[in-house]
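Lettering of chains follows the sequences in order, A, B, ..., and the numbering in each one begins at 1.
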Amino acid sequence: MKKSILFLLLVIILGACSAPKYLSSPEDFKNQVKGLTLKVELEDSYRLKGEIIEVNSTGVVVLPQRLNNRTLTTIPKSALLGAKVLISTTSNDPRGISSWAAAVNLITLGHGVFAVITLPANLLVTVPVGNGAASATYQMKYPEDVSYEQLHKFARFPQGIPEGIDLSKIY
Amino acid sequence: MISKRALFFSVFICIISWIVFSCTSYVNHSFRQSYSNANEIIHSDLVKTPFLKMHFKNGDVSMLDTWKLNEKKDSIVGNGKLYDFNRQPKYKGDLVFAIDDIAIIETNDLTPLQSKDGARVAALTILTGADVLIAAVCLANPKACFGSCPTFYVDENSSFHYSNAEGFSSSTSPCFEEKDLDPLQYSTASSEFFLTMKNEALESHMVNELYIEAVPKNKDETVFVDQNNTYYTSSRKFNPTKAEVNNQSIKSDILHLDDHEYFSTTDSTDLFAQEEIIVEFDNLPDGDLGLALNYRQTQLTTFLFYSALSYMGNEVSDFVARMETSYLTRKVVENHLSKFGKIKLSYWDERRGKWNYLDELKEKGPIAKNLILSRIPNKTKENNKVKVKIEMTRGLWRLDYVGLHLIDKKASPTIIFPSAIEVIDGVEYPVDQILTDDKAYIVSFPGNEYKFKFDLPELEENKEHEIFLSSKGYYLEWMRKSWLEGKDTEKLNKLLFNDSDSWKEMAIEFKEMEHEMESTFWNSKYSRVQ
């Protein structure tokens, strides 16, 4: 019974993997009109993830993803010691592939007792494949892959937030 | 050794899988180019860019799928979408923008951002195919799945292909419990010896008694045992000058103790059809000689055994109980077991012009090879030549080695019982459980592993012990669900009472799966059942 529950759990976990909704797929990337996502670890291990709105001479303005704090936040240039810019997923069909990866494990039920060997062997492939399709991303490491001077290209407003836009109305 | 390679390969595949499929991929910022100068826009080769993203000074952005400069080169005309500063769609269709309103034009080279789904789909396709194939093979061919009796390993990490011995292969029921002596084909000068016993099949193994027989020898000598459990040492071997089946040479298959084996296929309608191998040896010296054979069985007996269990269906326990309690039933079964199971050896008597009986080898089992010696009477040799005939059931045996050995002397073994048991997987047992032939057993279930320690006696310099394993017990095959579906007690009775049509049907059924039986057998073996 315990084994069956564990097996179903594994299948469900694999099937439940889902791609981050704020990232586009490679084939949809050309239609991506918002700023890319900046993931940065600040002082006291405070992590901030949000859309890059503007990069100016003093810092990076981001729109945090947290629903309870959707106000523009400026990260000072000096605080931006190590960060990552998330570009897109690596899969065009993350749900389809992770569902397939989960479902293929079910075939091992037909292997009877040999599933003791074939299921782990399957999981060696299906876990990284399913997990990869669902969550692997293309990224840029800051400052290795993108310098501060180049970072503005990936903002919603690469030219800077235009005058006349009410900052409180940006969402 | 193989097992370590397999482990290394699995870990390697796993790591590669994670790297290929699961890890983050880093790219450089240069996939995106932006232009803020109008002249740069006009004079660049942006016209070759298939799509364009334009950021306007008011914060809007436009994605153009097709576009061109107007004649005055002060506007861009195209088709696409326009979004507001929150990137909500404002307009879709034909668009015209004054270059003066454009803050930045952006292009993206999507080459570094290719989807990795191709490799994922390929991996899942291969895996799905393999899984379906295994499921289909197990469903279509359940009588080919692995069965083994206890397997013994000197190196516990060895692949099951390299098992040193399989214990009491013929003891498929308590009434057939017997002692089995197996050469491990292993020698050591160490004062300690370890042997791992595994249960690698869906069986319960009952081990009554277990010990080793250690025979001291010089390092350049080989120790052989014959069917009467008499040991001989030999330091000279003679290869056959000729070895033929139906005038076809099989010499290269049986020349060395290696993985090259001679085997034939069964007759398509007669499972009892025999074959003859003629082996000749020339230029032999004076002295006592022994014919050594290293061999194992094909999967034919496994197939017949599993078929019989399948025909018993849910009455298997009734049948086994009858066999245990009825001498007559037991004899009927024994007769059938012996019908296949021997390799008959004869030698050519030149003076009388006829074949004379030499020996009958009866050691069974499809996994570990048995190295057995048959002593050749002095009168066999004429003109320094010996000609031997090996008669055996077609498709039942795999011969690895046939050679003549000059016997130096008889050797005396030392019987050594285990001094300790390490439970790798299974129930704890005290070591005295297997020291005597009594009612106390070690019971081993699928996946169980026990490691036995033996303390070897001291040796003279430059000597070592050749190790032989003696095991006594029996095993019970577990019924598989798929076997129950094949219940046919009428057919079983017909087979037991030598109905020729039923045996012909068995021959045809086996023939259909014979070529894949060996690989299916090994591939369907498992080692860890919780």
Side-chain angles (χ1 to χ4, degrees), chain A residues 3 25-27 29-31 33-34 84-85 87-88 90-93 97 100-101 104 107-108 110-114 116-118 121-122 124-129 131-133 135-141 144-147 150-154 156-162 164-165 169-171, chain B residues 10 13-14 17-18 20-29 31-34 36 51 53 55-59 61 63 81 83 85-87 103-104 106 108 110 112-117 120-121 123-124 127-128 131-132 134-135 138-139 145 202 446-447 480-482 524 526-530:
Chain A
K3 282 179 205 163
S25 65
E27 70 179 3
F29 186 73
K30 66 177 184 180
N31 300 317
V33 286
K34 287 193 173 183
K84 285 173 180 170
V85 179
I87 304 167
S88 72
T90 61
S91 174
N92 288 330
D93 185 13
I97 287 178
W100 182 6
V104 78
I107 302 174
T108 59
H111 298 173
V113 291
F114 304 114
V116 174
I117 291 297
T118 55
N122 264 248
L124 280 178
V125 177
T126 55
V127 170
V129 167
N131 188 47
S135 59
T137 54
Y138 284 113
Q139 299 184 4
M140 286 180 287
K141 263 192 266 189
E144 291 89 336
D145 299 318
V146 55
S147 66
Q150 296 287 348
L151 201 54
H152 73 96
K153 290 193 294 186
F154 305 100
R156 186 191 294 190
F157 303 111
Q159 72 276 37
I161 299 173
I165 289 182
K169 289 189 174 170
I170 292 176
Y171 57 87
Chain B
S10 302
I13 290 289
C14 193
S17 297
W18 276 102
V20 170
F21 297 120
S22 193
C23 290
T24 296
S25 302
Y26 292 101
V27 297
N28 187 272
H29 70 89
F31 73 90
R32 176 170 287 183
Q33 298 293 325
S34 62
S36 53
F51 63 93
K53 192 195 288 182
H55 293 268
F56 298 103
K57 289 173 181 171
N58 67 351
V61 71
M63 290 289 307
K81 289 179 186 169
Y83 302 86
F85 70 93
N86 274 324
R87 302 308 180 236
I104 284 176
E106 177 190 311
N108 290 280
L110 300 182
L113 305 179
Q114 292 299 306
S115 160
K116 295 183 176 179
D117 289 344
R120 292 184 181 115
V121 168
L124 289 177
L127 190 66
T128 305
D131 280 349
V132 169
I134 292 169
C138 277
L139 282 172
C145 288
L202 281 176
R480 276 71 149 173
K481 194 180 172 189
S482 55
S524 64
Y526 70 96
S527 57
R528 309 287 287 181
V529 174
Q530 298 299 321

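For the atom pair CG (B:L110) and NZ (A:K30), the distance works out to 8.0 Å, reported to the nearest 0.5 Å.
Pairing each heavy atom of B:R120 with each of A:A133, the nearest pair is NE-N, 3.5 Å. Of all the heavy atoms in A:S91 and B:S115, the pair that sits closest is CA-OG, 4.3 Å. Between A:I165 and B:G59, the shortest heavy-atom contact is CD1-CA, 4.2 Å.
Proximity to chain B (any heavy atom under 4.5 Å) is restricted, for A:Q150, to the side chain, taken from C-beta onward. Both the backbone and the side chain of B:Y26 come within less than 4.5 Å of a heavy atom of chain A. Heavy-atom distances place the side chain of A:I87, and not its backbone, under 4.5 Å from chain B. Using a 4.5 Å cut-off between heavy atoms, A:I170 contacts chain B through both its backbone and its side chain.
When side chains are defined from C-beta on, A:K153 counts as touching B:H29, because their heavy atoms get closer than 4.5 Å. By the 4.5 Å heavy-atom criterion applied to side chains, B:V27 and A:M140 are counted as neighbours. Between B:D131 and A:T108, the closest side-chain pair of non-hydrogen atoms falls below 4.5 Å. With contacts defined as side-chain heavy-atom distances shorter than 4.5 Å, the pair A:T90/B:Q114 does not qualify. A:Q159 is not listed as a side-chain neighbour of B:K57, based on a closest heavy-atom distance of 4.5 Å or more.
Contact tally against chain A (heavy-atom pairs below 4.5 Å) for B:N58, B:V61, B:L127: the top residue is B:L127.
For NZ of A:K34, the number of neighbouring non-hydrogen atoms (other residues, nucleotides, ligands) closer than 6.0 Å is greater than 12.
With ring centers used as reference points, B:F31 lies under 6.0 Å from A:F154.
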